[in-house]
Amino acid sequence: MDPFQIQKPPTQFDVAIVGSGAGGGMAAYTLAKAGAKVVLLEAGGYYDPADPKYITQLKWPWESPRRGAGTTRAFGDFDAAWGGWDIEGEPYTTAKGTEFHWFRSRMLGGRTNHWGRISLRFGPDDFRRKSMTGVGQDWPIGYDDLKPFYDRVDRLIGVFGSVENFPNEPDGIFLPAPKPRLHELMIRKGARSIGIPVIPSRLSMLTKPINDERGSCFYCAQCGRGCQAYADFSSSSVLVKPAMKTGNVTLINGAMVREVITDPATGLCTGVSYVDTQTLQEVTIKAKSVVLAASAGETARLLLNSKSSRFPTGLANSSGVVGKYINDSTGASRSAFVPALMDRKRYNEDGVGGMHVFTPWWLDNKKLDFPRGYHIEYWGGMGMPAYGFGWGVEALNGMIAARDGSKKPGGGYGAGLKDDYRRFYGAYVGMAGRGEPVPLESNYCEIDPNVVDKYGIPVLRFNYKWSDYEVKQAKHMQDTFEEIIHSMGGIALGEKPGADNSYGLEAPGKIIHEVGTSRMGNDPKTSALNKFQQAHDVKNLFVVDAAAFPSQGDKNVTWTILASSMRTSEYLIDQVKKKNI
Amino acid sequence: MKRRDSLKALSLTGFGLAVGPTEAAVPAPPDVKPLKIPGGRQKFEAERDAKLMAEKFFTPHELQTVTVLSDIIIPADERSGSASQAGVPAFIEFMMKDQPRNQTPMRGGIRWLDNTCTKRYGKQFVQCTKAQQIDMVEQIAYPALAKPDMTQGASFFTLMRNLTASGFFTSQIGIKDLGYVGNTPNQWNGVPDDVLKQYGLAYEERELNPGK
Ligand SMILES: Cc1cc2nc3c(=O)[nH]c(=O)nc-3n(C[C@H](O)[C@H](O)[C@H](O)COP(=O)(O)OP(=O)(O)OC[C@H]3O[C@@H](n4cnc5c(N)ncnc54)[C@H](O)[C@@H]3O)c2cc1C
Ligand code: SF4
C-alpha cells in the first residue's frame with residue numbers, strides 16, 4: 001500500500017468538527033441531536049474511564065512502580081491525561097526571551113478527562129472589562145446572551161454549588177455542594193475573620209444522579225483519574241458518547257487535522273484534510289461547514305496553516321489577529337503547616353476530586369494598583385499518599401516540638417522522624433490564586449518558520465511575556481495568602497516570593513487556560529470571528545473553543561466554552577435552516 | 001506495516017537508487033514477545049516500565065548501603081515495619097532508572113559516605129559497627145548543623161530521607177501505619193461531630209439543612 005496516497009471518501013458530511021474536548025464535544029452533541037450528520041475528528045485515541053483498559057481510579061500508590069510520580073504523566077502516573085507539556089514528535093517553540101508552556105491532551109475528550117472541574121460562569125463585568133478599566137477588550141456579547149446557555153449546560157451536565165447572590169459570580173442551577181472538610185472550615189473561619197469570603201466551590205460532579213446514564217459521586221477524590229461512574233464531567237463520557245448514540249456522528253480517532261480546505265472560487269470551506277496518525281495516510285473529508293474545537297492554540301495553528309492564494313495570511317485572518325492576544329490565567333501559590341491539625345483523628349475525608357470551598361474575587365480594582373481580579377483555590381487534608389510524600393521534612397520538623405515537648409534540629413532519622421511524618425500527616429494546607437490577565441497584542445503565537453512536527457505540520461511558536469499588571473496582581477496574591485495563613489494559625493512554608501521572582505507568578509501557559517487566539521468582535525478589522533463565533537471571512541467556518549474569547553475573566557474558562565459552543569452550534573443550525581449557509 | 005514493507009513502498013514512489021543500500025543496511029527487527037499492557041497504561045509507558053524493570057542500576061554493595069540507610073531512617077517500631085520491610089530499596093532502585101537525574105547524587109553520595117567512613121573508621125559504611133554508622137549519620141542528618149566538611153553528605157542524606165519516606169508511606173505497610181482510610185467508595189457527610197467539637201467548629205445552618 002502506498003502511504004502517500006490521498007484518500008477521498010465520497011461522503012459529504014453536514015459538519016466536520018475538529019477536536020473532541022469541551023468545545024468539540026458540546027458541538028457534536030448539539031448538532032447531532034438536531035439531526036446533522038457530523039464527523040468528529042480527534043487526533044488522540046479512544047478513551048472510556050469505565051473500560052478496564054483505561055481505569056486508574058481506586059488504584060493504590062504501590063500499584064505504580066514510581067508510586068504515582070509524574071515521570072511520564074505531568075500530573076502523576078494515575079492521571080487520565082494522555083499527553084502533557086511535551087508530546088514526542090509534536091514540538092512547539094518559544095521566541096527568545098519569552099516563555100510559554102502548552103499542555104495538550106491527545107485523547108477522546110481532550111483535557112476534560114482530567115481537568116479540575118471548577119465550573120464557573122463569567123459574570124456580567126467579565127464581558128466588559130475594557131469599558132470598565134480602559135484596558136483590554138470588551139466582548140461583543142454580554143452575560144444575558146450566554147445566561148440561557150449556562151442554565152442549559154448546568155442542567156445537562158450537572159454542577160454543584162450554592163446560591164450566593166454575588167454581583168459578578170452568577171449563581172447557577174446547582175446540585176447540593178459537599179460539606180467543607182476540616183481544614184476548609186479552618187480556612188473559612190480564618191479568612192472570614194479578615195474579611196475574605198469563602199464559599200462552597202462549584203464543580204461539575206454529580207452529588208445527586210441526574211439521569212440514567214451517569215451514576216452519582218462516591219467521594220474518592222480522584223476525578224483527575226476519570227470516573228468509572230461517569231459522575232464527573234468529561235466531554236468523552238458526557239457529550240461524545242450520547243452524541244454517538246444518535247447515530248449521526250462518525251467519530252474518527254487518530255485524525256490529526258492538517259488544514260481546513262477552501263474552494264478558491266467561493267472562499268468557503270469544503271472540508272478538512274488530516275493525517276491518520278497510525279498509517280500516516282493523508283485523508284480528505286468533505287463537509288458543508290467546519291467547526292474548529294482543537295483548543296485555543298491548535299485552532300490558531302490550523303487557521304494559520306490553512307493558507308491559500310485566496311487566504312495568503314491564513315484562514316479567517318484578513319484582520320491579522322489570529323494568534324494574537326493569547327492569554328492564560330495568572331497563578332501564584334503558597335502552602336502552610338497548621339500546628340493545630342497535628343495528630344489528627346483519622347477518618348475518610350477524600351470528598352470529591354477537588355476543593356469543597358473557594359474564594360471568589362472580593363475586591364474593587366478601582367482601589368488597587370492592578371486592573372483585574374483573581375479567585376483563590378485551596379487544598380489540604382488527609383489525602384492518599386503519593387510520590388513526594390514527606391519530602392522536605394527537614395525544613396519543618398526543627399520548628400515543631402516532639403510529643404514529649406523536646407525540640408530537635410530539622411532533619412533527623414529513626415523512630416522520632418518516623419513519628420514526625422505521622423504527626424504532620426494532614427496538617428498542611430495550600431492556596432493558589434488564579435487571576436485574569438490583560439490580553440495584549442504583543443502576546444501572540446505564530447507559525448514557526450523553521451520547525452515541523454512528525455506529520456510535517458508547521459508548529460506554533462509562542463511569544464508571551466507578563467506585564468506589570470499581572471506581576472502586581474501576584475504580589476497582592478502573596479500578601480493575601482500570608483494573611484489567610486496567619487488568620488488560621490498556620491506557618492507559611494518556604495520564603496515569601498518577592499520582586500526578584502515576580503512574586504511567584506507562574507510562567508505563561510502553566511495554568512492551562514489559554515484563550516483569545518482568534519477573538520470575536522463586531523469589527524472584522526480587529527477580530528477574526530463575529531459574535532456568534534462565525535468567521536467574518538468564511539461564513540461556513542466556526543470556532544467553538546476558547547480561541548474565540550476576547551478575555552478570560554477571573555474564572556476558569558471551560559463552563560463558558562461549553563455554553564458558547566452550544567450557542568454557536570444552535571446558531572449554525574439556524575443559519576442552515578435559513579439557508580444562509 | 002513492517003519496516004521492510006514501508007521501505008519497499010518508498011522505492012515504488014520513486015525515491016530510486018538510495019533505497020537499495022539503505023534497505024540492506026536496516027536489520028530485520030528482532031522477534032519480540034508482545035507486551036501485555038496493564039490497565040490504565042499507555043503502550044509507550046508499559047514498554048518503558050518493562051525496559052526499566054529489566055535493567056539494574058545499583059551494584060550489590062550500593063543496594064546494601066541503601067538498605068542499611070533506609071532502615072536507619074525508618075526503623076521498625078511498635079506500630080509498623082521498617083523501610084526495607086516495606087520494599088523501599090527496590091523502589092529507590094526503580095526511581096534511579098525512572099528519573100536518571102538522581103543517579104549521580106545517589107551513586108556519588110554513597111561513594112562520599114564510604115570515603116568518609118574509611119577515613120573516620122577505616123571501613124566502608126556497611127562494614128562499620130552499628131555505633132559507628134550512627135556516629136556517621138549524626139554528622140549528616142541535620143542539614144542546618146552540618147560542619148563544612150559534611151555538607152555534601154548532608155545533601156545526600158536529605159535525598160535518602162526523602163526517597164525513603166516517599167517509598168515507605170506509599171507502601172501498603174506505610175499507608176496502614178499512617179492511618180489513611182480512603183480510596184474506597186463512601187458517602188461524605190462532613191467532619192465527624194467529635195472532631196468538630198474538638199476544634200470548636202460548626203457547620204452553617206444551610207449546610208446542615210441543605211435546600212432550606
Ligand atoms: C490539569 C488541568 C486542570 C484544569 N482545570 C480546569 C478547571 O478546573 N476549570 C476549567 O474551567 N478549566 C480547567 N482546565 C482547562 C480545561 O481543560 C480546558 O479549558 C478545556 O479542556 C478546553 O477545551 P477545548 O475543547 O478548547 O480543548 P481540549 O479539551 O484541549 O480538546 C482539544 C481536543 O482537540 C484535539 N486536537 C487538537 N489538535 C487537533 C488537530 N489538529 N486535529 C484533530 N484533533 C485535534 C486534541 O487531541 C483534544 O482532544 C484544566 C486543564 C488541565 C490540563
Ligand atoms: S470524586 Fe466522585 S465524581 Fe470524582 S471520580 Fe470520585 S466518584 Fe467520580
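Values below: all heavy atoms of this structure, side chains included; hydrogens, waters and symmetry mates excluded. Residue numbering restarts at 1 for every chain, and letters A, B, ... go by the order of the sequence lines. A quick note: this is a predicted structure, and the numbers were derived from the prediction, not measured.
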Between the side chains of [Y] and [X], is the shortest nitrogen-to-carboxylate-oxygen separation below 4.0 Å, so that they form an ion pair?
X        : Y        : value
B:Asp98  : A:Arg67  : no
B:Glu93  : A:Arg66  : no
A:Glu164 : B:Arg206 : yes
A:Arg188 : B:Glu204 : yes

Tell me, for [X] versus chain B, whether the close heavy atoms (under 4.5 Å) come from the side chain, the backbone, both or neither.
X        : value
A:Tyr425 : side chain
A:Val352 : neither
A:Leu417 : side chain
A:Gln222 : side chain
A:Met382 : backbone
A:Pro180 : both
A:Pro52  : backbone
A:Ala69  : side chain

Does the side chain of [X] reach to within under 4.5 Å of the side chain of [Y], using non-hydrogen atoms?
X        : Y        : answer
A:Tyr413 : B:Leu69  : no
B:Tyr199 : A:Lys189 : no
A:Ser162 : B:Glu207 : no
A:Lys418 : B:Asp77  : yes
B:Val191 : A:Glu349 : no

Quiz item: If you check every heavy atom in residues 175-188 of chain B against those of chain A, which residues fall under 4.5 Å?
Solution: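 Result: B:Ile175, B:Asp177, B:Leu178, B:Gly179, B:Tyr180, B:Val181, B:Gly182, B:Asn183, B:Thr184, B:Pro185, B:Asn186, B:Gln187, B:Trp188.
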Residue [X] excluded, over 12 heavy atoms near [atom1] under 6.0 Å:
X        : atom1 : result
B:Lys123 : NZ    : yes
A:Arg346 : CZ    : yes
A:Glu88  : CD    : no
B:Asp193 : CG    : no

Quiz prompt | Pairs flagged by side-chain hydrogen bond (donor to acceptor under 3.5 Å, both in side chains) wherever residues 147-162 of chain B is involved - sequence neighbours left out | solution =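 Applying side-chain hydrogen bond (donor to acceptor under 3.5 Å, both in side chains) to every pair that reaches into residues 147-162 of chain B, excluding sequence neighbours, yields nothing.
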Quiz prompt | Side-chain donor or acceptor of B:Thr170 paired with backbone N/O of A:Ala386 under 3.5 Å | solution =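 No: the side chain of B:Thr170 does not pair with the backbone of A:Ala386.
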Self-check item: Under 3.5 Å donor-acceptor, B:Arg41 side chain and A:Asp77 backbone
Solution: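 Side chain of B:Arg41 to backbone of A:Asp77, a donor-acceptor pair under 3.5 Å: yes, one is there.
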Considering all heavy atoms, the nearest [X]-[Y] contact:
X        : Y        : answer
B:Ser166 : A:Gly388 : OG-N, 2.7 Å
B:Ser80  : A:Arg422 : OG-NH2, 4.0 Å
B:Pro75  : A:Ala415 : CG-N, 3.7 Å

If you tally heavy-atom pairs under 4.5 Å against chain B, which of [options] wins?
options                                : answer
A:Gly414, A:Pro385, A:Gly390, A:Gly412 : A:Gly412
A:Gln57, A:Lys345, A:Arg73, A:Lys59    : A:Arg73
A:Trp60, A:Phe78, A:Tyr54              : A:Trp60
A:Gly383, A:Gly426, A:Ala395, A:Ala229 : A:Gly383
A:Met384, A:Lys53, A:Arg181, A:Glu63   : A:Met384
A:Pro176, A:Pro65, A:Pro61             : A:Pro65

Between [options], who has the most heavy-atom pairs with chain A when the cutoff is under 4.5 Å?
options                               : answer
B:Ala202, B:Gly40, B:Pro192           : B:Gly40
B:Ser82, B:Pro38, B:Ser171            : B:Ser171
B:Pro143, B:Ala144, B:Ala90, B:Ala83  : B:Pro143
B:Gly174, B:Gly39, B:Gly167, B:Gly190 : B:Gly39

Self-check item: Results of ring-ring contact (aromatic ring centres under 6.0 Å, His included) for A:Tyr421 - residues two or more places apart only
Solution: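 Expected list: B:Phe169.
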Practice problem: Report yes or no: is the cationic atom of A:Lys408 (NZ for Lys, CZ for Arg) under 6.0 Å from the centre of the six-membered ring of B:Tyr142, at an angle within 45° of the ring normal? | Solution: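 Because its charged atom misses either the 6.0 Å distance or the 45° angle limit, A:Lys408 does not stack over B:Tyr142.
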Self-check item: Criterion side chain to side chain contact (heavy atoms under 4.5 Å, CB included) on A:Leu185 and B:Leu196, from CA distance to verdict
Solution: CA-CA 9 Å; A:Leu185 287 173; B:Leu196 284 176; 3.5 Å; yes
Quiz item: Rounded to the nearest 0.5 Å, how far does CZ of B:Phe44 lie from CH2 of A:Trp82?
Solution: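 One gets 11.0 Å once the value is rounded to the nearest 0.5 Å.
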Portion of [X] that has a non-hydrogen atom of chain A nearer than 4.5 angstrom:
X        : answer
B:Asp71  : neither
B:Thr164 : neither
B:Met53  : side chain
B:Ala76  : backbone
B:Leu145 : side chain
B:Gln172 : both

Practice problem: Can you sort out the partners of A:Asp276 under salt bridge (Lys or Arg N to Asp or Glu O under 4.0 Å), two or more places apart, ordered by chain and number? | Solution: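 With neighbours one apart ignored, the set is empty.
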